[in-house]
**Student:** 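Mind looking over this structure? Questions follow.
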Amino acid sequence: MSNRVTLNSYILVNHLNLVEALRELANFVCENALLIHMYQLPNLAVGAEDEHPKVIQINQVLNGVDQQSKRFLKQSITQIEIQAFEENTYLAKRYPGVVVLPQHLKQSFSLLNDAVNKLRSDFYDSVKVGFNNRQSVHENLHELLPNIVLLSATRNVRYLECDADEVSSVNFYWLIKKMVSHVKHDVAEKIINDGVDKIRNSDCFGLTRDELIERREKELELISRVPRSSKIVEVRYARVQPFIDVWTRNEDDSRNRRAIGVNASLPIILFKQPNKIYPLKDYYYKAPKPIDLPTLISRKNWFVK
């Protein structure tokens, strides 16, 4: 118990250090911004992590350097906590946008940002110490800091590191990312066997233990029929998110080059004005292409390849 108290004290100290460093970074960016172009998205409701939204309407576009845009920019960098039970604490708030700083401040920004990233890493490492699984990590963390969003606390502010002659364009868009992972045969069997005892899983609700055992036997039989020459793959689609591509060009280039292509969870920092910004628009759901593979176990999103 005393060891846990000591470890928790490290978490709280690292949290305070991170909060102060984020405030310093945000003040630096806001005070020196030449361009602020950001999008305010709707708040994420409790339980939204299990949903695939049909429509996402942009609440507001902030385009210009004024007090309102600076306040929103500062919030995007410093906000790592939200009011639990009012908004979703599993999904990090997204702040898609682009900010331009003077070229001569690139090194100063980089030093500040690197220091913040080190503190993010220290905080995350201290949160994990003493636990063997994510559930225990989150339960302990939310007892200490009920409103913390770990994803928000650990994601980095990205910036254009390369020195290009010009930033040709900045493109915002929505993307449902397809995630494919290989599940080894023995791992698949272990997951199915373990599932009987982990009754907190959502796909176990409403089933008796006898029904869980019966399902396990059927699924183990299905796995046993998969030839060793074939692969078991898990295919899932992530929740739709805003993405950003930054295209650059040098004098000798024959075409534009994509310098950045990432999830637009925080504004990207540039040190040159972009020639063109292709804005983020309201999102309307489009079903992804069907998965053209034989289904093995649908509840696990497992297929045979």
Side-chain angles (χ1 to χ4, degrees), residues 1-30 43-51 71-95 109-158 181 187 190-191 193-205 209 212 238-239 241 263 265-267:
M1 181 64 181
S2 60
N3 186 46
R4 184 68 258 163
V5 170
T6 301
L7 292 175
N8 283 346
S9 70
Y10 290 144
I11 294 175
L12 294 174
V13 168
N14 286 336
H15 171 257
L16 289 175
N17 290 339
L18 176 58
V19 168
E20 182 59 35
L22 287 171
R23 188 179 298 116
E24 182 180 0
L25 178 64
N27 287 338
F28 177 88
V29 174
C30 290
N43 291 337
L44 295 165
V46 176
E49 69 275 7
D50 297 322
E51 300 174 353
R71 281 194 301 270
F72 189 66
L73 172 57
K74 185 173 184 178
Q75 176 184 332
S76 72
I77 296 174
T78 61
Q79 185 174 33
I80 60 175
E81 298 182 19
I82 62 172
Q83 289 300 313
F85 307 111
E86 294 181 11
E87 293 184 52
N88 194 294
T89 57
Y90 289 95
L91 299 171
K93 289 174 73 76
R94 308 287 173 180
Y95 292 94
F109 169 82
S110 178
L111 290 173
L112 271 176
N113 196 47
D114 288 348
V116 168
N117 292 343
K118 173 65 167 58
L119 291 172
R120 291 185 198 273
S121 179
D122 290 345
F123 176 65
Y124 185 52
D125 289 343
S126 65
V127 164
K128 294 186 298 179
V129 173
F131 298 107
N132 297 321
N133 58 74
R134 291 171 57 188
Q135 182 68 26
S136 299
V137 167
H138 283 277
E139 286 176 357
N140 181 70
L141 179 61
H142 286 286
E143 283 185 14
L144 292 173
L145 302 163
N147 297 325
I148 194 79
V149 180
L150 191 55
L151 285 173
S152 296
T154 56
R155 62 187 178 185
N156 297 340
V157 175
R158 298 175 182 268
S181 58
V187 174
K190 185 177 187 306
I191 290 171
N193 278 315
D194 290 348
V196 173
D197 297 320
K198 295 180 179 178
I199 59 174
R200 287 191 296 178
N201 291 351
S202 59
D203 57 0
C204 294
F205 292 155
R209 184 171 180 81
L212 288 172
R239 194 178 193 276
Q241 297 175 16
N263 183 318
S265 57
L266 291 174

**Student:** Decide if atom CZ of Arg155 counts as having more than 12 heavy atoms of other residues, nucleotides or ligands within a radius under 6.0 Å.
**Tutor:**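 Count over threshold, so yes.
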
**Student:** Rounded at 0.5 Å granularity, tell me how far NE2 in His142 sits from CG in Leu144.
**Tutor:** 10.5 Å

**Student:** Is a side-chain donor-acceptor pair under 3.5 Å present for Ser136 with Asn133?
**Tutor:**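 Per modelled atom types, Asn133 and Ser136 side chains form a pair under 3.5 Å.
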
**Student:** Apply the test side chain to side chain contact (heavy atoms under 4.5 Å, CB included) to residues Ile77 and Leu73: give CA-CA distance (whole Å), side-chain angles for both, the deciding distance (0.1 Å), then the verdict.
**Tutor:** CA-CA 7 Å; Ile77 296 174; Leu73 172 57; 4.2 Å; yes

**Student:** Any chance you could measure Leu25, atom CG, to Thr78, atom OG1, to the nearest 0.5 Å?
**Tutor:**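 Going from the CG atom of Leu25 to the OG1 atom of Thr78 covers 10.0 Å.
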
**Student:** State whether a side-chain donor-acceptor pair under 3.5 Å links Arg23 with Asn27.
**Tutor:**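 Not at all, the side chains of Arg23 and Asn27 share no donor-acceptor pair under 3.5 Å.
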
**Student:** For the side chain to side chain contact (heavy atoms under 4.5 Å, CB included) test, which of Ile148, Asn147, Leu145 pairs with Ile80?
**Tutor:** Ile148

**Student:** For Leu150, does its backbone N or O pair with a side-chain atom of Thr154 as donor and acceptor, under 3.5 Å?
**Tutor:**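 Flag set: sc Thr154 to bb Leu150 pair under 3.5 Å.
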
**Student:** Evaluate Arg4 against Asn140 for side chain to side chain contact (heavy atoms under 4.5 Å, CB included), listing each step before the verdict.
**Tutor:** CA-CA 10 Å; Arg4 184 68 258 163; Asn140 181 70; 3.8 Å; yes

**Student:** Can you confirm whether Ser265 sits close enough to Tyr95 that some side-chain heavy atom of one is under 4.5 Å from a side-chain heavy atom of the other?
**Tutor:**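 Not touching, per the 4.5 Å side-chain cut-off.
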
**Student:** Can you tell me if Asp122 and Asn17 form a side-chain donor-acceptor pair at under 3.5 Å?
**Tutor:** no

**Student:** Could you state the interatomic distance from OG (Ser126) to CG (Asn14), rounded to the nearest 0.5 Å?
**Tutor:** 4.0 Å

**Student:** Between Ala21 and Leu119, which heavy-atom pair has the shortest distance, and what is it?
**Tutor:** CB-CD1, 3.4 Å

**Student:** Under a 3.5 Å cutoff, is there a donor and acceptor pairing between the side chains of Glu143 and His138?
**Tutor:**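 On atom types as modelled, these side chains do not qualify, holding no pair under 3.5 Å.
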
**Student:** More than 12 foreign heavy atoms under 6.0 Å from OH of Tyr124: is that the case here?
**Tutor:**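 No.
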
**Student:** Looking only at non-hydrogen atoms, find the nearest pair between Leu151 and Ala92 and report the distance.
**Tutor:**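 In terms of heavy atoms, the two residues are closest at CB-CB, 3.8 Å.
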
**Student:** Are any side-chain N or O atoms of Arg120 and backbone N or O atoms of Leu18, one a donor and one an acceptor, separated by less than 3.5 Å?
**Tutor:**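 Side chain of Arg120 to backbone of Leu18, a donor-acceptor pair under 3.5 Å: no, none is there.
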
**Student:** Could you tell me whether the side chain of Ser121 and the main chain of Lys118 form a donor-acceptor pair under 3.5 Å?
**Tutor:**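 Here the side-chain-to-backbone pair does not exist.
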
**Student:** Going through the checks in order, is the side chain to side chain contact (heavy atoms under 4.5 Å, CB included) test met by Phe131 and Glu139?
**Tutor:** CA-CA 11 Å; Phe131 298 107; Glu139 286 176 357; over 6 Å; no

**Student:** State the CG-CG distance between Asn117 and Leu112, to the nearest 0.5 angstrom.
**Tutor:**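 Answer for the CG-CG pair, Asn117 versus Leu112, is 11.0 Å.
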
**Student:** For Asn113 and Phe109, indicate whether the former's side chain and the latter's backbone hold a donor-acceptor pair under 3.5 Å.
**Tutor:**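 A pair under 3.5 Å: no.
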
**Student:** Between Arg94 and Leu266, is there a donor-acceptor pair closer than 3.5 Å when you use the side chain of the first and the backbone of the second?
**Tutor:** no

**Student:** Using a cut-off of 6.0 Å, state whether more than 12 heavy atoms not belonging to Tyr10 lie near its atom OH.
**Tutor:**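 No, because the 6.0 Å sphere around OH of Tyr10 holds 12 heavy atoms or fewer from other groups.
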
**Student:** Just so I know, are the side chains of Lys93 and Asn43 near enough to count as touching, which here means a heavy-atom distance under 4.5 Å?
**Tutor:** yes

